[in-house]
Structures are given as structure tokens and as C-alpha cells.
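Note sheet for the following structure.
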Amino acid sequence: MARESWASRAGFILAAVGSAIGLGNIWRFPWMTAENGGSAFLLLYLLIVLFVGVPGLLAAFVIGRRSNRNPVGAFSSLAGSRAWTALGMLCVVTAILLMSFYSVVGGWILRYFLESATGAYFADPEAHFVAISYGPEAFGYQLVVLAATAVIVTAGIRRGIEATTKIMLPGIVFLLAALAIWAAQQPAATEGYEFYLGFDGAYLTENFLSVLGSAAGQALFTLSIGGGTMITYASYVDDDRSLPLDASAIAVLNLGVGILAGLVLFPLLFSFAAGPTEGGPGALFVGIAGAFANLPGGRILGTVFFLVVLLAALTSLISMLEIPVSFLVDEFDLERSTATRGLFALVAVTGGVNAFSPAVFTLFADHLVDLLLVLGLTGFMIYTAWVLGPEAVEELRNGAGPISSPLVVPWRYTIGTVFPAFLLFTFYADVSVLVGLSVGTELLLVVTLATVVPFVLLARRSHYGSHSRPTESAD
């Protein structure tokens, strides 16, 4: 079966940025920022996106473009090893888990978008959210969002994903910018900016490990790395594209939209809500909805705001669904429409559990996916550096200009040593916080080194198989 490709570089970048910004930057980013000290979290998040996220994006891009396959097919065809193929399967599982709770949030957003016109949530935003967030109605709205996502993915790369994100992403940025200007005029905007942008060194010192783990998970979440999205999207990229340029553009645009979303949300949370830390996953719906209830023209503003968030939700869900769809199309030669329908049915079941159970939803949204993304990216980096090795260097240099080319070899060795160690350190720090253990930095470092060194040695000795590009018939 002939494999599609992106029609243009802009189409690839916009689709990747659309995947990255999604709900991660508008729903989850303010919530995580508020729970982790505001500016302290923001600083670590920015550093991790730039210095870990971009090299991680490049590792995923190399795997995807070198193989021209989905994550499972990529590791299978390039490595010829069952152990590495299991990492590809982890990507598929992670994507399904992500969709399972993401689609619930998408359903909430769709409902609020529709209800903004009538002001249904204005009287008591908190009670309204509690009443509609879980149960049969939440499940029904979730199914509508999943169905819309499935229709777009069924249309294919160019006519579905690329065409849709070319419209959605500029719309998201334009509407967010307009809302940020409006939010700056609200009564407690200054306090919101201070919490969001004023550096709090004392908080960071006292809570470094917990903030570090959350910031790392959020960085990978918003960049869509560690779960296979960027491997899948890069598998449709032509050989003459500059991967370093594309990765840098995606990271910068992602950061820009994330910061812009904060400039909208924190002034509103300080102006109209009980505080930035109130509400957890529902902060967007309780605090922001409360703002619209108290403002002239609140119904129009609410409709516009939740339209932005709905578009963002769809761009993320599209990228998540494409991972298992491409797996079924590549590996089992299924028609795209058949694969999409089957996965719609599967996620309707797994997502339904999240729609009816707040405990399961919180587990998925707050911890489980972060941990899986960190493990996934650690594997991508070690695989790229030591299993592909020189071929990763060759692949990254294809299309790279004179500025990027000299950095390729240092990139290879850094993603093979320093960054995996950093990611595993944050993984163990996050696990220790999750289970309630008080673990010192020294012990975390020992455990990290005891894990990463054998992992790297095993990767270097692993069976390479054929590293050449898959033949056309393999596609």
C-alpha cells in the first residue's frame, strides 16, 4: 500500500505544533503550573523543553524518517530486535491511554462550548462542573469528540490531518492573542502575572524534586515526545527536510503558545476564581467559567474561549489516534477507515472507564502518562545514539545546513548519556513523590546511574539487524 507524505513543510510543522500545544498547553499547563509554584515550575519547564525536548524531538524524527514507519514498525525494521519492538508497542499503548482521558476532557470542552451560548454554567460554575464531569452525559460528549477525531484521521495525512491543522492552529493563536489582550485589562491581572512570571527561588529550593518531575513530564507531554507521535509524523517527512530546523520551530512555537495561554488564564484565575491552585483538573472550567459569568458579554467570550480549547483538543487527539492507526495500516495492511473504526470502538471502552471514574481519570492524567512518556523518550534516545549510531548522524545531516551539521555528533553522544540519565532521575523522583517516599538526591543519583549504565551497555551490544531503510515493498 502506497504511503502518504506531507504536502509541505508548513503542513508538517503545523500538524506537529498542533499536536504539541493541544490541551497540554491550555488545560494541563496552567493546572500543573499552579500546583507546582507558578514561576518555579515555569522556569524548569522552559529549560527542559529547550535543552532536553529539542534533542528528544530530533531522536524521534530520526527514527521516524529513517524507517518511514509507525513506532512498532520503525523499531522492528531498523533494529531487528524484539526488545526494541516492545518499545514501539509501548508507544501504541501510551497513545491509547492518552486518548482515554484526553477525550473525556474534550467532551467537557465541547459541552462548555455549547453551553456558553445559554450561560448554563453561570449560576454556580463549581457545582455545574461537579455535576457534568463524570457519568453518562460525560461519556456521550466524549463519544462525539472521538467521532470527530476519527473522521479527520480517516481522511488521511494530506486531506485530513494536514488540511485540518492548517486551519485550526492559526485560529487558536489568533483567538488566544485576542483573549490575552482582554485578560490584561482584568482587575487582578498584575497578581496573575506576578505569580506566573515572577521567579520564586525559595519555593524551587524547597520543592525541587517534585517540581522537576512535574516539569519534565509536562515538557514531554506538551511536545508530544516519548509517546510515538513525532516518530509517526516524521515517518511522512521527505529526506531533504532539515530536521534540526523543524524541531527548533516546533519547540519555539509550542513554548510561545504555552506562555500565551498562561497570559490568558492566570489573570482570569486571580481576578475571578478562589485562587490559581483551586480546582485541579477542573480549574479551567470552574475558575475561567466563573470569569465569564461575571463579565458583560460573558456568553460571547465564553463561546470564543471554549472554541479555542476545543480546537486545541482536536489537534492533540488527531495526533494520538494517528499512532495506532498507522500501526494497523503499516503492519497489518488494513484500510485506514477500518483501522480508525476499530480504534474508535476500543477507545470508547477505555475512555468510558475514565468518563465514569474520577479516580481512574486522575491516575491517568496526573501521573501514569507522564511516567510512560519519560520512559519512552529515554528509550528513544538510547536507541538512536547506540543502536542506530552513525546512521542516526547520517540521517540527521540529511537536509541539515552548515549551522546544524557540526552539532550532530555531540548531539548523538549527549542523547546517549546525559539526557537519559536526567530523564531517569526525574522518573525516580516523580515515582518517589507519587508513593510518598522521602528520598534524598544522592540515593536518586545512585539508582539512576545503576539503571542507565547497564541500559546503555546493553543497547550498544544489542543485535543491530539491518539498519538500511526499509524497501518500498515493506511499506
Does any part of the side chain of [Y], heavy atoms only, come nearer than 4.5 Å to the side chain of [X], both counted from C-beta?
X      : Y      : value
Met230 : Ile63  : no
Phe122 : Phe292 : yes
Asp124 : Phe129 : no
Tyr141 : Trp108 : no

Look only at the side chain of [X] and the backbone of [Y], and say whether a donor-acceptor pair between them is shorter than 3.5 Å.
X      : Y      : result
Thr426 : Leu423 : yes
Gln186 : Trp182 : yes
Ser316 : Ser19  : yes
Asn254 : Ile250 : no
Ser8   : Gly11  : yes
Ser235 : Thr232 : yes
Arg66  : Leu78  : no
Thr315 : Gly18  : yes
Arg412 : Ala385 : yes

With rounding to the nearest 0.5 angstrom, report the [atom1] to [atom2] distance, [X] to [Y].
X      : Y      : atom1 : atom2 : result
Thr94  : Leu371 : OG1   : CG    : 10.5 Å
Ile318 : Thr229 : CD1   : OG1   : 11.5 Å
Trp386 : Ile415 : CH2   : CD1   : 9.5 Å
Leu388 : Glu394 : CG    : CD    : 10.5 Å
Ile13  : Tyr233 : CD1   : OH    : 13.5 Å
Ile382 : Leu424 : CD1   : CG    : 6.5 Å

Distance flag, aromatic centroids of [Y] and [X], threshold under 6.0 Å:
X      : Y      : answer
Phe61  : Phe12  : yes
Phe285 : Tyr112 : yes
Phe75  : Tyr383 : yes

Exercise for review: Decide side chain to side chain contact (heavy atoms under 4.5 Å, CB included) for Cys91 and Phe380; before the verdict, give the C-alpha distance in whole Å, the side-chain angles of both, and the deciding distance to 0.1 Å.
Suggested key: CA-CA 10 Å; Cys91 295; Phe380 296 173; 3.3 Å; yes
Are [X] and [Y] linked by a side-chain donor-acceptor pair shorter than 3.5 Å?
X      : Y      : result
Ser214 : Tyr45  : no
Tyr236 : Glu322 : yes
Thr451 : Tyr428 : yes

Point to revise | Glu194, CD atom: more than 12 neighbouring heavy atoms under 6.0 Å | key: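 Result for CD/Glu194: open.
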**Study point:** Stepwise ring-ring contact (aromatic ring centres under 6.0 Å, His included) check, Phe364 with Phe101
**Key:** CA-CA 7 Å; Phe364 278 37; Phe101 80 84; 7.0 Å; no
**Study point:** Residue among Phe199, Phe195, Tyr196 satisfying side-chain contact (heavy atoms from CB on, under 4.5 Å) with Leu42
**Key:** Tyr196
Review point. Does the pair Asp246/Arg241 count as a salt bridge with the N-to-O cut at 4.0 Å?
Key: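 The answer is no: the pair does not qualify as a salt bridge.
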